[in-house]
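Written out below as structure tokens is the structure these notes cover.
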There are 2 protein chains.
Amino acid sequence: MRGLHADTGYLLYRLGLRSGQLFNTFLQESGLRLRHYAVLRYLAGSAGALQRELSTRLGYDPSAIVGLVDDLEKLGLTERRPSPDDRRSKIVVLTEEGRAFLRGTDEAGLRVTNDLLAPLDPAERETLQALLLRVADQP
Amino acid sequence: MRGLHADTGYLLYRLGLRSGQLFNTFLQESGLRLRHYAVLRYLAGSAGALQRELSTRLGYDPSAIVGLVDDLEKLGLTERRPSPDDRRSKIVVLTEEGRAFLRGTDEAGLRVTNDLLAPLDPAERETLQALLLRVADQP
DNA sequence: AACAACTATTGACGTCACCAATTATTGCTC
DNA sequence: GAGCAATAATTGGTGACGTCAATAGTTGTT
């Protein structure tokens, strides 16, 4: 009898939950949650982003972005700068402290991934990574 | 600059969210959510389960199971039967209506997985499935 | 000049995860 | 076999979160 566990879509859902929990328990000592961390990492790769951009790219509601950026700003990890082109928009950028924070949690994120993928050898991890990237990169 | 998207753990988290959303939008016409569906599919593979067992196997809080089983019972898809061994426990079983419901949503679940894995060919899907199963099957 | 579209923000509502406490029952132990 | 810790289901509370509607300020279009 094929249970739901044999369904790849459901497996992804389940493992996504587990992965998120691992990240969150890991981040909790810093007072942040996975959502904050995702924003920081996105900013690290983009050198400034409109809140609207964060919303669409990360899949969080615009109103959620407001709170997340508020939190990060309160901790001094990001700043809101006025957009030169459009006075409605604000550009969120990492501060130096934000970069330092990311450096400090770098190997920690790797450790989480390491725990999660413990049953796989390096070659298999690379295969999985490649497949997931292909799945993730569709509109 | 390696963004968070290059991190397998985060990829899993992200794809898990997407998968869950697909499942939920698909199930919403039936009035159930993914959590209910997961319970039904687990029951289909076990011919009766204690609520405690559902809690540990599916990773939901015992108090959450109460509500889920209440909902399913209200729809006539499951029943609570007294355990012959232990009067504290109740055994949750699928009704005939529950089985019929699962049959009706069978190919729908496959369609969700199909949408999700659109970029992969059949061989790659099997590889992914096998890797995810290995990752999922750790304590 | 008028109006539709867009950005950030606020607020409300329902769902959900997480934790503590309760009741009924069981198993252990002395 | 009496007392007591452990367990199963349940209830309730709290905080986080997704979603939706509404608003103020700004831009682009016609």
Side-chain angles (χ1 to χ4, degrees), chain A residues 13-14 16-39 43 48-74 78-93, chain B residues 13-14 16-28 30-39 43 46 48-74 78-93:
Chain A
Y13 164 70
R14 228 69 199 76
L17 283 185
R18 193 191 292 178
S19 179
Q21 283 167 357
L22 280 178
F23 266 108
N24 272 327
T25 58
F26 173 76
L27 284 169
Q28 80 185 17
E29 59 196 43
S30 70
L32 297 182
R33 251 155 283 132
L34 184 48
R35 309 163 69 75
H36 300 95
Y37 190 60
V39 171
L43 292 177
L50 303 180
Q51 297 187 202
R52 176 81 193 145
E53 181 184 351
L54 291 172
S55 169
T56 57
R57 295 301 278 274
L58 297 176
Y60 302 143
D61 194 84
S63 59
I65 299 291
V66 174
L68 291 174
V69 175
D70 282 351
D71 294 341
L72 294 175
E73 214 164 49
K74 221 164 290 176
T78 62
E79 276 181 14
R80 271 184 252 235
R81 297 189 184 154
S83 164
D85 305 332
D86 187 335
R87 289 198 299 179
R88 291 172 299 182
S89 312
K90 294 164 190 176
I91 299 180
V92 185
V93 295
Chain B
Y13 165 71
R14 229 68 199 78
L17 283 185
R18 194 193 290 178
S19 179
Q21 283 167 357
L22 280 177
F23 266 107
N24 272 327
T25 58
F26 173 76
L27 285 170
Q28 79 184 18
S30 69
L32 297 182
R33 253 156 280 132
L34 183 48
R35 309 163 68 73
H36 300 95
Y37 191 61
V39 170
L43 292 177
S46 75
L50 303 179
Q51 297 186 203
R52 176 79 192 149
E53 181 184 351
L54 291 172
S55 169
T56 56
R57 297 300 278 273
L58 297 176
Y60 303 142
D61 194 83
S63 59
I65 299 290
V66 174
L68 292 174
V69 176
D70 281 351
D71 294 341
L72 293 174
E73 213 165 49
K74 221 163 289 176
T78 62
E79 275 180 17
R80 272 185 251 235
R81 296 190 185 153
S83 164
D85 304 333
D86 188 335
R87 288 198 300 180
R88 293 171 298 180
S89 312
K90 294 164 190 176
I91 300 181
V92 185
V93 296

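Proteins come first, then strands; the chains are lettered A, B, ... in the order of their sequence lines, and each starts at number 1.
If you check every strand for non-hydrogen atoms under 4.0 Å, S63(A) touches a base. Within 4.0 Å of D61(A), counting heavy atoms only, lies at least one base atom of the nucleic acid.
Rounded to whole Å, the distance from CG on L34(A) to C1' on dA16(D) is 13 Å. The distance from atom CZ of R87(A) to atom C1' of dG28(D) is 15 Å, rounded to the nearest whole Å. D86(A) places its CG atom 19 Å from the P atom of dA24(D), with the value rounded to the nearest Å. What separates CG of D70(A) from C1' of dA16(D) is a distance of 16 Å, to the nearest Å. Put simply, CG on L17(A) is 14 Å from C1' on dC18(C), counting in whole angstrom units. Spacing between atom CG of D71(B) and atom C1' of dC16(C) amounts to 13 Å, rounded to whole angstrom units. Whole-Å rounding puts the R33(B) CZ to dG14(C) P distance at 13 Å. The nearest whole Å value for the distance from the CZ atom in R18(A) to the P atom in dA17(C) is 16 Å.
Taken to the nearest 0.5 Å, the CZ atom of R33(B) stands 10.0 Å off from the CG atom of L27(B). Rounding to the nearest 0.5 Å gives a distance of 7.0 Å between OG of S46(B) and CG of L54(B).
Looking at the side chain of R52(B), the nearest of the listed nucleotides dT25(C), dA9(D), dG18(D) is dA9(D). Side-chain proximity of Q51(A) to dT10(D), dA8(C), dT15(C): nearest is dA8(C). In the set dT10(D), dC17(D), dT26(C), dT10(D) carries the atom at the smallest distance from any side-chain atom of K90(B).
A donor and an acceptor atom, one from each side chain of D85(A) and S83(A), are nowhere located under 3.5 Å apart.
Contact annotation: the side chain of T78(B) never approaches that of V93(B) to less than 4.5 Å [non-hydrogen atoms, C-beta and beyond]. Put simply, the side chain of S55(A) does not reach to within 4.5 Å of the side chain of L50(A), judged on heavy atoms.
Nearer to the 5' terminus of DNA chain C, by closest-nucleotide assignment, is the contact made by V69(A) (compared with the other of V69(A) and L68(B)).
Of the side-chain N and O atoms in R88(A), none sit less than 4.0 angstrom from OP1 or OP2 of dG28(D). In terms of phosphate contacts, Q21(B) brings no side-chain nitrogen or oxygen within less than 4.0 Å of OP1 or OP2 of dG18(D). For dT9(C), the OP1/OP2 oxygens have a side-chain nitrogen or oxygen of R80(A) closer than 4.0 Å. Phosphate contact (OP1/OP2 of dT15(C), side-chain N/O of R35(B), threshold under 4.0 Å): absent.
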